[in-house]
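Down below is the structure, laid out as structure tokens.
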Amino acid sequence: MAGEGDKTDLCFRDPVWLERNPLNEETWIYYFSGSQDFYDPNCIQNQFLKEMKSVSDMATLCSDKVGIQYVLIGHDAERGIFVIEKQQRSSSKSTSPLSHFYILQGTIYQSPTLLALLNSRLVRMCGRV
């Protein structure tokens with residue numbers, strides 16, 4: 001996967017938003033859009049966010065657009081875990097993953113790539129030898 005830069009050392013949390021809104025499968029994109037380090041304001045969803053469309057409406061409206069979009073690919077709202085994929089949509093049926101993010105108990109993080117994880121493990125192993 002070709003990400004747009006390593007931001008795995010950053011995180012975002014908005015306690016005021018979290019106090020006022022539940023974080024669930026209908027609100028995650030509104031919360032995620034507040035993370036300036038991770039959210040691309042040029043994404044397909046941004047125009048629909050301004051119109052306060054529902055997440056299900058946004059998914060339908062975005063399917064015909066081309067550009068960057070964010071998709072919730074997994075969640076457990078009870079445990080406060082949401083997994084988000086940033087995708088490049090090139091047609092109504094073709095998307096390519098760019099990067100992944102997760103929200104854990106209200107804090108947003110960028111997921112490291114597999115290459116970064118393997119590199120980290122190798123460096124640790126070599127350090128023990």
Side-chain angles (χ1 to χ4, degrees):
M1 268 180 292
E4 295 177 332
D6 185 7
K7 296 181 182 179
T8 54
D9 58 337
L10 302 176
C11 66
F12 172 83
R13 184 174 183 82
D14 185 347
V16 174
W17 192 97
L18 292 168
E19 284 178 18
R20 295 179 180 168
N21 303 282
L23 187 55
N24 57 42
E25 60 274 4
E26 286 293 317
T27 62
W28 69 270
I29 187 67
Y30 292 98
Y31 184 62
F32 189 77
S33 69
S35 62
Q36 295 177 350
D37 289 321
F38 302 128
Y39 183 74
D40 182 347
N42 298 314
C43 72
I44 299 168
Q45 285 119 321
N46 206 41
Q47 72 182 52
F48 303 122
L49 286 175
K50 292 176 183 174
E51 298 170 10
M52 299 297 288
K53 298 283 187 188
S54 73
V55 171
S56 56
D57 288 343
M58 269 190 263
T60 303
L61 294 168
C62 289
S63 65
D64 293 335
K65 306 277 185 196
V66 172
I68 301 292
Q69 73 174 20
Y70 295 93
V71 177
L72 184 66
I73 59 173
H75 73 282
D76 184 339
E78 274 187 33
R79 294 184 178 159
I81 302 169
F82 299 83
V83 180
I84 301 159
E85 183 174 74
K86 182 178 183 179
Q87 301 176 338
Q88 175 66 50
R89 176 172 287 285
S90 52
S91 73
S92 62
K93 296 183 183 188
S94 177
T95 60
S96 300
L98 298 174
S99 52
H100 291 86
F101 303 89
Y102 60 98
I103 303 172
L104 182 60
Q105 299 295 320
T107 302
I108 302 172
Y109 304 92
Q110 181 178 2
S111 298
T113 63
L114 181 57
L115 179 61
L117 287 173
L118 291 174
N119 189 35
S120 174
R121 295 291 181 185
L122 287 172
V123 168
R124 285 187 196 161
M125 278 183 11
C126 291
R128 293 182 186 165
V129 175

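Residues I73, V83 make up the rest of the hydrophobic cluster containing V71, defined by ILVMFWY side-chain heavy atoms closer than 4.5 Å, directly or through other members. Here Y102 sits in one hydrophobic cluster together with I81, L104, Y109; the rule is ILVMFWY side chains under 4.5 Å apart, joined directly or through other members.
By the side-chain hydrogen bond (donor to acceptor under 3.5 Å, both in side chains) test, D14 pairs with no residue at all, sequence neighbours left out. Take D76 and apply the salt bridge (charged side-chain N to carboxylate O under 4.0 Å, His left out) test, not counting sequence neighbours, and it matches R79. For Q45, the side-chain hydrogen bond (donor to acceptor under 3.5 Å, both in side chains) test picks out no residue, with sequence neighbours left out. Residues passing the ring-ring contact (aromatic ring centres under 6.0 Å, His included) test with Y39, sequence neighbours excluded: Y70. Every residue two or more places apart in sequence or in another chain was checked for a side-chain hydrogen bond (donor to acceptor under 3.5 Å, both in side chains) with S92, and none qualifies. Remark: S90 engages S94 in a side chain to side chain contact (heavy atoms under 4.5 Å, CB included) (not counting sequence neighbours). Qualifying side chain to side chain contact (heavy atoms under 4.5 Å, CB included) partners for S63, counting only residues two or more places apart in sequence or in other chains: none. Under the rule for a side-chain hydrogen bond (donor to acceptor under 3.5 Å, both in side chains), S91 has no partner lying at least two apart in sequence or in another chain.
Note that the OG atom of S96 and the CD atom of E85 stand 9.5 Å from one another [nearest 0.5 Å]. Residue R13 holds its CZ atom at 10.5 Å from CD1 of I103, rounded to the nearest 0.5 Å. Of the inter-residue distances, the one linking K7 atom NZ with F12 atom CZ reads 13.0 Å to the nearest 0.5 angstrom. Atom CG in L18 sits 8.0 Å away from atom OG1 in T107 (nearest 0.5 Å). Rounding to the nearest 0.5 Å gives a distance of 13.5 Å between OG of S111 and NZ of K86. Rounded to the nearest 0.5 angstrom, D40 CG and S33 OG are separated by 12.0 Å.
At a threshold of 4.5 Å between non-hydrogen side-chain atoms, the residues L49 and F32 do not count as touching. Within the 4.5 Å cutoff, no side-chain heavy atoms of Q87 are placed close to those of I68. When side chains are defined from C-beta on, T95 counts as touching Q69, because their heavy atoms get closer than 4.5 Å.
Ring geometry for H75 versus F82: interplanar angle under 30°, hence parallel rather than tilted (30 to 60°).
Cluster annotation: I29 is connected to W17 through the hydrophobic network of ILVMFWY side chains, with a link wherever side-chain heavy atoms come within less than 4.5 Å.
Across all their heavy atoms, Q110 and F101 have their closest contact at CA-CD2, 3.6 Å.
Using a distance-only test at 3.5 Å, with no hydrogens or angles considered, no donor-acceptor pair links the side chain of Y31 to the main chain of I108. Between the T8 side chain and the P112 main chain, no donor and acceptor come within less than 3.5 Å of each other.
Here salt bridge (charged side-chain N to carboxylate O under 4.0 Å, His left out) pairs that include residues 24-39, with residues two or more places apart or in two chains, number zero.
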